[in-house]
Amino acid sequence: MKVSQIFFQTLKEVPKEAQIESHRLLYRAGMIQKLASGIYNYLPLVLRSVRKLENIIREELNKRGCQEILMPAVQPSDIWEESGRWSYYGPELLRFKDRKGSDFCLGPTHEEVITDMVRKNLRSYKQLPYNLYQFQCKFRDEIRPRFGLMRAREFIMKDGYSFDINEEKALDSYKSMYEAYIAIFKRCGLKFKPVDAATGSIGGDKSHEFQVLAESGEDVILSCSKCEYAANKEKAKTKIDFRQSDDEMEKMEEVHTPGKKAVEDVAEFLKKRPSDFIKSVIFVVDGKPALIMVPGDREVNEAKIQAFFKADSIELADDATIEEVTGAETGFAGPVGLKKEILIALDHNLEGRRNLVSGANKTDYHFINISPERDFKPSVTGDFVVTRKGERCPDCDGLLEEFRGIEVGQVFFLGTKYSEKMHCSFIDENGQQSNAVMGCYGLGVGRTVQAAIEQNHDEYGIKWPMALAPYEAIVLPLQMNKEEVVDVAEKIYKKLLNAGVEAVLDDRDERAGFKFNDADLVGYPVQVVIGAKSLEKGEIEVKIRKTGEKKAVPLNEVEDFVCRYKKEEMAIDH
RNA sequence: CGGGGUGUAGCGCAGUCUGGUUAGCGCAUCGGUUUUGGGAACCGAGGGUCGGAGGUUCGAAUCCUCUCACCCCGACCA
């Protein structure tokens, strides 16, 4: 390809919406264009990277017995009603009607479609396992799209689904996909970490995310300084040591706290520490109100609550519900004196504590000297707080450290959540009807490509890992008015192509500096520089973008040199 | 959804408060001359429904009303 013919335009100034470096570079290098908020055109250069990543994924998945399919982007509502997600999936699901008035949505994910597809085909246990995947445009109507391809509304995703005869086999599939993901991200040359993750609205009870480490990442992960433990902050656990307080239990009393609602305000008013408070938060879990209690200085962790109750949906109760449950205005909820009998859940950190402060379920009143063991009986106890850095690792005696990451993939062990609701079953060895045990495996293609840029760039531009570079090398004739320079460049360009190197020739009649800058910006891993000066010595210069290293190479050894470097780089990346 | 902000040439911006000829600047584009190993210089040119609709006014990019789009922070969420 000649650079003059590539559909792209490099920019010095970027649209101000681009907030992180990888987004700015995608714009500056002429790789993407925005059509609407969170909706992008992929121009030829990035699309090549996207296709390369897709091929890496294909290879790794096919190697492990997966088969590629393609499902529709437009999905009818009836299967979503069957799975139950039509009603509780929020406005993120873009819905519309066809000319007949039937309901449809743009697929944000494909569990329903694949389950429907498989059940129409599945009869016997002998057919299983199946592991099917596709590359497809998903649409999620994100509240706030940002960072370019990182959090777009329309985005390319590889999604895969496994179907097995039982849990044990399904776990094998899960493990095999987990390993495939590690292989894929390694080949991309990324620094990443697999972490324990919450399952969110996809459901299921086991999940790992693959996080590319980056300052600009939207996710926070905690990982142990000593062992392999790592988890999304939402999911991270810590070692709880139960400590029975030996303070005398004092008499519980109601105190007047006019207008003081937030823990900090009440604490200041009563001259107590926030950590001596029971923070009581009312959630609606699958339609039923529940009171969750955590220490006053801690954050409630919704993901853990959802997981604990295996709930499909969870949300903060509105004011009306709170008044109905507590008989008081919002801000005075507590475990004692609730108007309605609801589930009350106590965080481990409050067990054994005495003489605490809580709301009195009476507007403008709190209780002091409330002690869980004496004054109320929780329905359940569990881990309901957000774990913080510096806390102890749940698996060893190390401490948890905090990192930011870009979530590029996630694997879920789904179990029979969908197969049961949608009757995706088969006859097992004993002639019994049995539900398929499923797993699902997502990998954000555009996001991974952008994460690669986020992790590999400098002030001049992108430093593509060889495996993802749009082109592997650029040939730069510096003086377009010198016949010899142009001839040699053409020859080397052709030799590189013949040697199997994906090369481009910068045939534009531009000054040297302009070409160098464009080459650095677009990020070709190898620059083959043909200039009149070095040509006189029978040499040309090869620059390695990643290291900035420049090497004079004899004319007839250029393609060997480039091929060797390419091979080394690909090997490192594997 | 709440708070804040922005829409003027492909991109980045000035002009708006205080209404007044042909609406400016930089980058990019086109032509010319000179240049030519790290984003060249000079001369010239093209390109605008000033986001849209309505209103006030002799006169609106500028004032008023409505509306749309986009961005940031938060809430929310695969």
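Per chain, numbering begins at 1; letters A, B, ... match sequence-line order.
- A:Lys515 has no side-chain polar atom (N or O) that falls below the 4.0 Å cut-off from OP1 or OP2 of B:U36.
- When heavy atoms are screened at a 4.0 angstrom cut-off, A:Glu302 is found touching the sugar-phosphate backbone but no base atom.
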Could you go step by step and tell me if A:Gln527 and A:Phe516 meet the side chain to side chain contact (heavy atoms under 4.5 Å, CB included) rule? CA-CA 9 Å; A:Gln527 295 173 14; A:Phe516 282 131; 4.1 Å; yes
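- Under the Watson-Crick or G-U wobble criterion, with both distances below 3.5 Å, B:C25 is paired with B:G12.
- Pairing for B:C70 goes to B:G5, judged as Watson-Crick or G-U wobble with the two contacts each under 3.5 Å.
- The interatomic distance linking A:Asp509 (CG) with B:U33 (C1') rounds to 15 Å, in whole Å.
- Residue contacts for A:Leu521: at a heavy-atom cut-off of 4.0 Å it reaches a base atom on one of the strands shown.
- Ring centroids of A:His208 and A:Tyr178 are separated by less than 6.0 Å, placing the two rings close together.
- Remark: the A:Tyr441 side chain and the A:Ser162 side chain contain an N/O donor-acceptor pair separated by less than 3.5 Å.
- In this structure, A:Gln19 reaches the sugar-phosphate backbone alone: every heavy-atom distance under 4.0 Å involves primed, P, OP1 or OP2 atoms, never a base.
- Comparing the same atom, P, in B:C30 and in B:C66 gives a spacing of 45 Å after rounding to whole Å.
- Separating the CD1 atom of A:Ile143 from the P atom of B:C71 is a distance of 14 Å, rounded to the nearest angstrom.
- We find that CD1 of A:Ile20 is positioned 14 Å from P of B:C71, with the value rounded to whole Å.
- For the P atoms, the distance linking B:G3 with B:U49 amounts to 33 Å, nearest Å.
- Of the two residues near RNA chain B, A:Arg146 and A:Lys12, the one whose nearest nucleotide lies more 5' is A:Lys12.
- For an aromatic pair to be called close, the ring centres must be under 6.0 Å apart, and A:Phe308 with A:Phe384 satisfies this.
- The residue A:Arg28 sits close to a base: some heavy atom pair falls under 4.0 Å.
- A:Lys482 comes within 4.0 angstrom of no nucleic acid atom, judged by non-hydrogen atoms across all strands.
- With P as the reference atom, B:U8 and B:G15 are 14 Å apart, rounded to whole Å.
- Note on A:Lys34: a side-chain N or O is less than 4.0 Å away from OP1 or OP2 of B:C71.
- Checked by distance alone, A:Glu541 brings a side-chain donor or acceptor within 3.5 Å of a matching partner on the base of B:G37.
- The A:Arg511 side chain lies nearest to B:U36 when the options are B:C73, B:G37, B:U36.
- For the C1' atoms, the distance from B:C25 to B:G32 is 23 Å, rounded to whole Å.
- Partner assigned to B:C76 is none, using Watson-Crick or G-U wobble distances below 3.5 angstrom.
- Below 30°, between 30° and 60°, or above 60°: for A:Tyr181 and A:Phe210 the angle between ring planes is between 30° and 60°, a tilted geometry.
- The base of B:G26 sits within donor-acceptor range of the side chain of A:Glu13, with an N or O pair under 3.5 Å.
- For the pair A:Arg95 and A:Trp80, the cation-pi criterion (under 6.0 Å, within 45° of the ring axis) is not fulfilled.
- Put simply, CD1 on A:Ile305 and CD1 on A:Ile314 are 4.5 Å apart, with the number rounded to the nearest 0.5 Å.
- Put simply, A:Ser37 has a side-chain N or O that comes within less than 4.0 Å of OP1 or OP2 on B:C71.
- Side-chain atoms of A:Asp506 come within 3.5 Å of backbone atoms of A:Arg508 as a donor-acceptor pair (strictly under, hydrogens ignored).
- Among the atoms of the strands shown, base atoms are found under 4.0 Å from some heavy atom of A:Lys550.
- Along RNA chain B, the nucleotide closest to A:Glu92 and the one closest to A:Leu478 are compared, and the more 5′ of them pairs with A:Leu478.
- Rounded to an integer number of Å, the gap from A:Leu11 CG to B:C27 C1' is 10 Å.
- In this structure, OH of A:Tyr27 is placed 14 Å from C1' of B:G12, rounded to the nearest angstrom.
- Residue A:Phe514 and nucleotide B:G39 are not classified as a stacked aromatic pair, given the requirement of ring centres less than 5.5 Å apart at an interplanar angle below 30°.
- When both pairing distances are held under 3.5 Å, B:G59 makes no Watson-Crick or G-U pair with any nucleotide shown.
- The distance from atom CD of A:Glu142 to atom P of B:A75 is 15 Å, rounded to the nearest whole Å.
- Distance noted for atom P between B:G10 and B:C64: 28 Å (whole Å).
- Nucleic acid contact class of A:Glu17 (heavy atoms, under 4.0 Å, all strands): sugar-phosphate only.
- Of the nucleotides present, B:G32 is the one that pairs with B:C42 by Watson-Crick or G-U wobble criteria, both distances under 3.5 Å.
- As rounded to the nearest Å, B:U21 and B:G26 have C1' atoms that lie 26 Å from one another.
- Remark: the separation of the C1' atoms in B:G4 and B:A23 is 29 Å, to the nearest Å.
- Proximity note for A:Arg144 (side chain, C-beta onward) versus B:C70, B:U36, B:C72: the nearest is B:C72.
- Spacing of C1' atoms, B:G55 relative to B:U62, comes out at 15 Å, to the nearest Å.
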